[in-house]
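Written below as structure tokens is the structure these notes are about.
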Amino acid sequence: MRLMTWNINSLRLRLPLLARLIEEQSPDIICLQETKVPDPLFPAQALRELGYDHQHFMGMKGYNGVAILSRHPIRALDAVPDWCGKSDTRHIGITVETDRGTVTLHDFYVPAGGDIADPAVNDKFAHKLAFLEEVTSWFRKNPPVRSIVVGDLNIAPLEHDVWSHKQLADVVSHTLPEIERLKAWSDTGFVDAMRLVVPPEQKLYTWWSYRNRDWKLSNRGRRLDHVWLTPDLREHLQDVAVLKDVRDWSSPSDHVPVIVDLALNPA
DNA sequence: ATGGTGGCTGCGCCA
């Protein structure tokens with residue numbers, strides 16, 4: 001079973017890029033973030049024509065929005081909380097049947113958190129921390145089993161998840177309070193699949209800002225997108241690939257897709 | 001130290 005997660009930064013604008021990715025990568029299940037499309041305008045038919053008959057999505061006008069597209073039947077999780085009471089379409093989940101049992105898949109778009117890393121003066125940073133705390137309490141109360149978390153978590157936790165650990169120490173996405181909260185969340189029962197495949201000593205990024213003349217030359221990236229597995233799925237992990245080349249496609253997202261291969265067959 | 005770009009929407013907001 002091949003999964004792909006991608007912060008697409010506007011699904012409608014980048015539908016042609018998604019079609020090319022599907023052609024080249026053939027994922028069974030696609031998790032998108034920042035779809036930026038309200039549900040009534042979701043391009044469901046175009047995605048069915050690309051082979052994804054099974055869809056679960058939640059979006060809003062202009063901001064946020066998540067979607068899960070599948071070639072195989074899925075069941076939406078309907079008991080997930082409305083984080084911070086904002087109804088801001090940052091999380092959906094599904095289950096899918098495989099030859100090794102039911103697997104649960106969560107698709108998250110964690111708040112970016114604004115520019116100033118101080119919850120007292122920056123409401124967006126306060127929201128980011130509160131979001132992480134709420135999610136963590138929920139997973140503590142609902143311990144994950146045979147589960148996967150993917151998405152844009154908007155935090156680069158490790159030294160080599162950023163281009164400069166020192167220069168980004170006070171930059172939102174790499175500050176201690178965020179990293180501690182991300183760890184508390186993953187400690188509810190997940191392992192970092194990307195770092196099982198790419199050693200932590202090696203630089204690994206999934207996002208390069210638009211605000212660079214030459215993203216590849218300056219290479220000021222961050223690993224903001226993640227794939228977590230519960231340990232009971234670890235033995236099925238075959239590979240993870242960061243599709244860095246996609247950052248060079250025309251009119252790209254600032255995030256690149258991440259592919260996960262699991263030795264599980266959709267039932 | 002600053003400002004840099006992109007997507008939405010409708011010229012300011014968010015990333």
Side-chain angles (χ1 to χ4, degrees), chain A residues 5-21 31-43 46 57-67 83-91 107-119 121-132 150-157 161-164 166-175 177-179 182 205-226 243-258:
Chain A
T5 178
W6 189 26
N7 178 323
I8 194 169
N9 187 15
S10 174
L11 171 56
R12 284 174 293 176
L13 186 70
R14 275 180 252 288
L15 206 47
L17 273 67
L18 183 60
R20 179 174 167 190
L21 275 164
C31 295
L32 300 173
Q33 306 87 37
E34 280 204 273
T35 54
K36 297 186 174 176
V37 58
D39 293 347
L41 299 177
F42 192 83
F57 49 85
M58 201 172 284
M60 57 191 282
K61 190 167 143 183
Y63 308 111
N64 310 335
V66 282
W83 307 111
C84 303
K86 285 183 176 288
S87 304
D88 57 357
T89 68
R90 294 180 177 277
H91 171 219
D107 181 11
F108 274 96
Y109 175 53
V110 171
D115 287 332
I116 303 165
D118 179 354
V121 298
N122 175 7
D123 290 343
K124 287 186 269 194
F125 194 69
H127 174 221
K128 183 176 197 173
L129 299 183
F131 184 99
L132 295 163
V150 302
D152 177 5
L153 305 187
N154 263 316
I155 298 170
D161 291 340
V162 293
W163 62 276
S164 169
K166 274 188 186 163
Q167 285 177 260
L168 292 176
D170 298 318
V171 173
V172 171
S173 75
H174 195 61
T175 69
E178 295 167 83
I179 292 168
L182 191 73
Y205 314 138
T206 63
W207 173 88
W208 291 262
S209 172
Y210 286 125
R211 303 179 195 182
N212 276 114
R213 188 176 297 269
D214 185 331
W215 72 274
K216 201 184 282 178
L217 185 67
S218 56
N219 198 24
R220 295 185 166 192
R222 305 179 201 171
R223 185 171 70 111
L224 301 180
D225 303 274
H226 294 265
L243 304 183
K244 185 175 173 181
D245 291 352
V246 177
R247 188 64 179 77
D248 256 345
W249 290 7
S250 72
S251 193
S253 170
D254 46 355
H255 296 252
V256 297
V258 180

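Chain naming here is simple, since letters A, B, ... match the order of the sequence lines and numbering starts at 1 in each.
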[atom1] atoms of [N] and [M], separation to the nearest Å:
N	M	atom1	answer
B:dC11	B:dG7	C1'	14 Å
B:dA15	B:dA1	P	25 Å
B:dT9	B:dC14	P	14 Å

Just by modelled atom types, is the A:Asn7 backbone N or O under 3.5 Å from a matching donor or acceptor in the A:Tyr109 side chain?
->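 No, the answer is negative, given that no donor and acceptor are paired below the 3.5 Å cut-off.
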Using whole Å, what does the distance between atom [atom2] of nucleotide [N] and atom [atom1] of [X] come to?
X	N	atom1	atom2	answer
A:Asp123	B:dC14	CG	P	10 Å
A:Asn64	B:dC13	CG	P	16 Å
A:Asp115	B:dA15	CG	P	9 Å
A:Phe125	B:dA15	CZ	C1'	16 Å
A:Arg247	B:dT5	CZ	P	13 Å
A:Gln167	B:dA1	CD	P	11 Å
A:Asn122	B:dA15	CG	C1'	13 Å
A:Leu15	B:dG7	CG	C1'	16 Å

Which residue, A:Gly114 or A:Tyr210, contacts DNA chain B at a nucleotide closer to its 5' end, judged by nearest heavy atom?
->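 First, find each residue's nearest nucleotide; the 5'-ward one identifies A:Tyr210.
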Compute the ring centroids of A:His255 and A:Trp6, then answer whether they are less than 6.0 Å apart.
->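 So the answer is no for these two rings.
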Pairwise side-chain contact, A:Leu168 with A:Arg222, heavy-atom cut-off 4.5 Å (strictly under) =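 A:Leu168 reaches A:Arg222 side chain to side chain.
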Considering residues at least two apart in sequence or located in another chain, which fulfil the salt bridge (Lys or Arg N to Asp or Glu O under 4.0 Å) criterion with A:Arg90?
->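 For A:Arg90 the salt bridge (Lys or Arg N to Asp or Glu O under 4.0 Å) partners, ignoring immediate neighbours, are A:Asp88.
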Quick one, which residues of residues 211-221 of chain A touch DNA chain B with a heavy atom under 4.0 Å?
->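 Under 4.0 Å from DNA chain B: A:Arg211.
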Got a sec, which residues hit side chain to side chain contact (heavy atoms under 4.5 Å, CB included) with A:Asn219, two or more places apart in sequence or on another chain?
->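 Once residues adjacent in sequence are excluded, the partners of A:Asn219 under the side chain to side chain contact (heavy atoms under 4.5 Å, CB included) criterion are A:Tyr205, A:Trp208, A:Lys244.
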Could you pull out all residues at least two apart from A:Asp248 that satisfy side chain to side chain contact (heavy atoms under 4.5 Å, CB included)?
->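 A:Asp248: side chain to side chain contact (heavy atoms under 4.5 Å, CB included) contacts with A:Trp215, A:Lys216.
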For A:Ser251, answer base if it contacts any base atom (sugar-phosphate contacts may also be present), sugar-phosphate if it contacts only those atoms, and nothing otherwise; contact means non-hydrogen atoms under 4.0 Å.
->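 Counting heavy atoms under 4.0 Å across all strands, the contact made by A:Ser251 is with sugar-phosphate only.
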Over 12 foreign heavy atoms within 6.0 Å of CG, A:Asp170 |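 No, because the 6.0 Å sphere around CG of A:Asp170 holds 12 heavy atoms or fewer from other groups.
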Polar-atom pairs under 3.5 Å, protein N or O versus N or O of nucleotides 8-12 of chain B: list them with distances, or write none.
unit_1	atom_1	unit_2	atom_2	d
B:dC8	OP1	A:Ser10	OG	2.4

Counterpart residues, ring pair (Phe, Tyr, Trp, His ring centres under 6.0 Å), relative to A:His174 (two or more places apart) =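 Per chain and number, A:His174 pairs via ring pair (Phe, Tyr, Trp, His ring centres under 6.0 Å) with A:His165.
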Given A:Ser173, which of A:Leu153, A:Leu224, A:Asp161 fulfils the side-chain contact (heavy atoms from CB on, under 4.5 Å) condition?
->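 Among the candidates, only A:Leu224 passes.
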